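In what follows, every heavy atom counts, from backbone to side chain, and hydrogens, waters and symmetry copies are set aside. Here the structure is a predicted model, which means the values were calculated and not measured.
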Amino acid sequence: MAPWRIRATMDEIDVARRYAGHPTIFSVRLHHGGQFTKFPGRKYIKGKQNYVDLLDIDTFSIHDIDEMMEELGHIDSDETLLYYHFLRPFGDLDFGLFALGSDQDVHHLGTYVANHKVIDVYIEHGKTNLHTYSMSPNPSKVKIVEIKEPPACSKQLFLEWNDSPIEHESVPDLTEVENDSHLDKEPSLVDHIEFEMNVENEDDYDGSGHNNGSGNDEFDDDSESEDSDFFIDEDNLIHDVDVDMKDFHMNIDKDVEWVGGSSESNVPEDTQQGDLEVINTEVLLSGSSSDEANDGKRRKTIRAIHRAYENDAALVSEPFYIFQTFSSSKDFKTQVKLHSIRTRREIQLEKNDKNRVRFVCKGTIPNLATNEEEKCPWVIYCSKWKRDIDWMVKTYTKEHRCLQTRKVKACDYKFLSEHIVQVIETNPKIPIRALREQLQREYQMDISHMKTFRAKQQALKHVQGDYASQYRLLRDYVLEVQARNPDTTVKIDVESEANPTVETRTFRRIYVCIGALKRGFAAGRRDFLGLDGAFVKGPYPGQVLSAVALDGNNGIYPLAYAVVESETLNSWTWFLSNLGDDLGFVACDCNTISMCRASLLSSSHTRQHEKNWRGKVFKDLLWECATTSNVQHFHQAMEKLKKLNNDAYEWLKQIPPQSWARSHFTGRAHCDALTNNLCEAFNSKIEDGRDAPIINCIEFIREYIMKKIVKVDKEIQKVVGPLTPTATTILDNIKSKAEQYVATFCGAGKYQVAGPWQDQCIVDVGQQSCTCKRWELTGIPCKHGVAAIWDMGRNDKDVGIPESFVHPCYWLSSWKEMYSFKVSPINGRSMWEKSAIPTTLLPPKHRVPIGRPKKKRTISIVEKEDFVRGNTASRAHRSVTCTKCNNVGHNARTCKGQRPIVGGGGGQSQVKEKGKGRQPLDGL
């Protein structure tokens, strides 16, 4: 008889406690009778679930699962086809499933048994739609051959070990699997970032990961940013690698245990010792007798667990008995409350002192004939003698006559928080409604929305740590980061204190610039930084200020970041001053601050442009003024805008062109980017860390940068050529355009280059300049420069290829050197050095902004104009203008004779004079 047994449906057993000290014993949660849905968001539906206990991994095999399925009634003949899969602990059904069809698969499963006592096994009936069997360990050494037997025998599979490569004919037909496996392929590491965020509304969450919204609310975007970069700079697309931060976990509270995944899941497959035979040199082996001794010990272990299992099964229905002992009254109360929740009975505390505890059932027994109610006889009494330590049950009436209820006082938010810690650890952003539905199905009780919210907040506190307590440990964390990363700058700014003898200081700001990033930025040879701020969520809101650079492949390279109280001129000046000290320039001089203010004014003026001058005509003219590369074309574009609308021209003329027009940029940065997409990309990467406590927030950013550098370095090893992939693509496009240009040598190293559309410029190859100014701006030869270089090569001049004229910041060697500086890891909380500063940091004062908090970002005027519903342009988000009085907000039919308004912000307002129709205003 098999040692394992299928657990009864209503039985419950604490396998972690029962299997303690037995590393090879485990249980299986068997999912059978169902099928998998499609990838992504894969689920197992229409199935049943059974527990199988007392399995020993040393003797476990696939045949045991066959016997389980036969006992459950799924195998009725030898031709029944079943596919077995097991789920890696803490994995999901999209990427955590592995095949369970051979001894090697069983050995793979065995690597998780020591730390995880319940393994999920999924059964597919008839056919499989997964690719796990093609991913089985060493698939190339397993050949599947069908043996032809007499008709009376059933078909079997013969597994033959083969060290030679398998021929194509011997591979089983996996066409159906391959058709779906393309969804599970890894995306390319370098990808173009598109800033379109689809935020799932919590109210539309149905608990299964699907959105039940109607799809008509296109503008329900919860992004905090109010900037709308509706201009697309195709010449400066941001390329960045995808860094997986789902496994990020940091908890610095001493009294909170980590509930994350096992370490085996993070070990590469080629480093696991699953296929290696390791000799234990500290154990004396004595031939075959050791096997007999091990078998006898295993049988004794199974018998002991059998007895414990039978006792647990008896205690499920009768959790208490006379003379039962407890180590403390707290343990006794906990067990009674748990019994109250499991049985859904209203059990309340009647007596509670230092020597006696009594619980009674407050449930009633209704009598429909007399409309009277009787009391439930259930009662339990536990006490201890003054000289004793243990508590003992003295009175116990186990009979319940009352009806079950859906409202139990013991099921409070503290109890729920302890049981949803793993759920919150796996999915911290699970909506309240979905979590509430899950708890109500599990406990069959009415759980309010607010109770679920408090339970989630308490569980998050256990998982992430307390927001307020982390400020006291902030200085210890800073010492650890600086100790592991030399030349790292971390500055903490506190609120001024009138009394210097006070032992506490209120936190204000923190600035971080890791030493490896400083050296990497200098090696990149590209003096270009993007500055931006993003909201910090949580009970202590603020802003994350960041300085992000561009590498030679147009990828983001975070350089420095800070958490400040708000985005003000004072906070930006403090941030730039610290950044200037690290990079060796004076960042707080008049020119730098004026340029930063001009950049901020440019973004605010852009929103004003959207409000006052709408339409594609104004948008295209503004973009033309900004993208022209030389001053002459810039003035021509400004004249076009002046002819269209003089007000718009005067407004744009007030903004310094050095902050928004390429024609006035210098060539120092070797970049002509006009948008701040690199900072927007960085803010989107750290979004999950911005709602965490202060140390978790800063550590999330540091760990993201650490992983990103390693991932980009791996991508660099695959690149072949003198330039980065992005620079190679840009230069190839320039070469294709240069084919249409003719260069004429004029002496002194200068060329006159002419092309179509009356495009003619002067190129000085020696100075690496062109009158179109694109060569100086980007550091890459323009189409005129490439034509001149080719002409020099045709005239027997040793000038080399056009790639040799590209600035070194685009060289592959510079890119490789930039990412050769790695961010070092840090130790856990228990190994941090204690700060010697005598004062204690307190959390910042919570500043509540005036008015109701905004839930949605401000919609751009251009987005409103492009709003299409069905096949027609919608008038949603548009103001109605009266044709009689020219006022906004009503039409001519509802006009009540208001005073007409002449003029307007857009310069297109009109008045209607009697007998003359509509007359245009001056300036149009």
Expected output: side-chain Asn645 to main-chain Leu641 donor-acceptor under 3.5 Å: no
Evaluation steps, side chain to side chain contact (heavy atoms under 4.5 Å, CB included), between Leu579 and Asp581: CA-CA 5 Å; Leu579 182 62; Asp581 295 340; over 6 Å; no
Spacing of Cys809 atom SG and Ile780 atom CD1 [to the nearest 0.5 Å]: 7.5 Å
Parallel, tilted or perpendicular: rings of Tyr511 and Phe575 (30°, 60°): perpendicular
Any donor-acceptor N or O pair under 3.5 Å, side chains Asn795, Asp791: yes
Arg525 (side chain) donor-acceptor with Pro808 (main chain) under 3.5 angstrom: no
Gly800 backbone acceptor or donor facing Ser804 side chain under 3.5 Å: no
Donor-acceptor pair, side chain of Ser814 and main chain of Tyr810, under 3.5 angstrom: no
Non-hydrogen side-chain atoms of Asn683 and Asp532 separated by less than 4.5 Å: yes
Phe95 and Phe39 aromatic centres sub-6.0 Å: yes
Ile514 versus Arg702, closest heavy-atom pair with distance: CD1-CG, 3.6 Å
Inter-residue atom distance Thr628.OG1 - His664.NE2, 0.5 Å rounding: 8.5 Å
Ser769 side chain to Asp764 side chain, donor-acceptor N/O pair below 3.5 angstrom: no
Atom pair CH2/NZ of Trp623 and Lys616 - distance to nearest 0.5 Å: 13.0 Å
From OG (Ser546) to CD1 (Ile701), nearest 0.5 Å: 8.0 Å
Flag, side chain of Thr724 to backbone of Gly552, donor-acceptor distance under 3.5 Å: yes
Heavy-atom check, side chain of His670 versus side chain of Thr778, under 4.5 Å: no
All ring-ring contact (aromatic ring centres under 6.0 Å, His included) counterparts of His633, not counting sequence neighbours: none
Within-4.5 Å side-chain heavy-atom neighbours: Leu550 and Leu678: yes
Leu644 vs Tyr649 side-chain heavy atoms within contact, under 4.5 Å: no
Pair Glu639 + Lys643, salt bridge at N-O below 4.0 Å: no
Stepwise salt bridge (charged side-chain N to carboxylate O under 4.0 Å, His left out) test for Lys735 and Glu739: CA-CA 7 Å; Lys735 289 179 180 179; Glu739 297 284 353; over 6 Å; no
Pair Thr489-Lys518, side chain to side chain donor-acceptor pair (under 3.5 Å): steps then yes or no: CA-CA 10 Å; Thr489 302; Lys518 301 178 191 177; 2.7 Å; yes
Polar contact flag, side-chain donor to acceptor under 3.5 angstrom, His784-Asp759: yes
Side-chain donor-acceptor contact under 3.5 Å, Thr726 with Asn553: yes
Step-by-step ring-ring contact (aromatic ring centres under 6.0 Å, His included) determination, Tyr561 to Tyr704: CA-CA 13 Å; Tyr561 49 94; Tyr704 163 74; over 10 Å; no
Separation between CD of Glu715 and NZ of Lys711, rounded to the nearest 0.5 Å: 9.5 Å
More than 12 heavy atoms of other groups within 6.0 Å of Ile716 CD1: yes
Note, Trp660 side chain near Cys625 side chain (heavy atom, < 4.5 Å): yes
Arg690 (side chain) donor-acceptor with Phe535 (main chain) under 3.5 angstrom: yes
Nearest atoms (heavy-atom pairs only) where Asp551 meets Arg526: O-NH1, 2.7 Å
Derivation and outcome, side chain to side chain contact (heavy atoms under 4.5 Å, CB included), residues Glu567 and Leu545: CA-CA 8 Å; Glu567 193 174 5; Leu545 305 184; 4.2 Å; yes
Lys653 atom NZ: more than 12 heavy-atom contacts under 6.0 Å: no
Donor + acceptor pair across side chains of Lys783, Ser736 (<3.5 Å): no
Over all atoms of both residues, closest heavy-atom pair of Arg484 and Pro825: CB-O, 3.4 Å
Heavy-atom closest pair, residues Thr666 and Leu777: O-CD2, 4.0 Å
4.5 Å side-chain heavy-atom contact, Leu517 and Ile709: yes
Minimum heavy-atom distance between Ala738 and Trp790, given as atom pair plus value: CB-CZ3, 3.9 Å
Worked verdict on Leu531 versus Val548 for side chain to side chain contact (heavy atoms under 4.5 Å, CB included): CA-CA 7 Å; Leu531 306 175; Val548 184; over 6 Å; no
Note, Leu723 side chain near Leu812 side chain (heavy atom, < 4.5 Å): no
Smallest separation among heavy atoms of Arg519 and Pro486, with atom names: NH1-O, 4.1 Å
Side chain to side chain contact (heavy atoms under 4.5 Å, CB included) assessment of Phe700 paired with Lys685: CA-CA 10 Å; Phe700 184 93; Lys685 299 296 184 181; over 6 Å; no
Under-4.0 Å salt bridge between Lys816 and Asp713: no
For Tyr751, all residues meeting ring-ring contact (aromatic ring centres under 6.0 Å, His included), sequence neighbours excluded: Phe745
Side-chain donor/acceptor of Asn485 to backbone N/O of Val823, under 3.5 Å: no
Residue among Phe682, Trp815, Phe521, Tyr819 satisfying ring-ring contact (aromatic ring centres under 6.0 Å, His included) with Tyr557: Tyr819
Backbone of Cys761 reached by a side-chain donor or acceptor of Thr771 within 3.5 Å: no
Between CG on residue Asn578 and CG on residue Leu576, distance to nearest 0.5 Å: 9.0 Å
pair Lys708-Ile705: side-chain heavy atoms closer than 4.5 Å: no
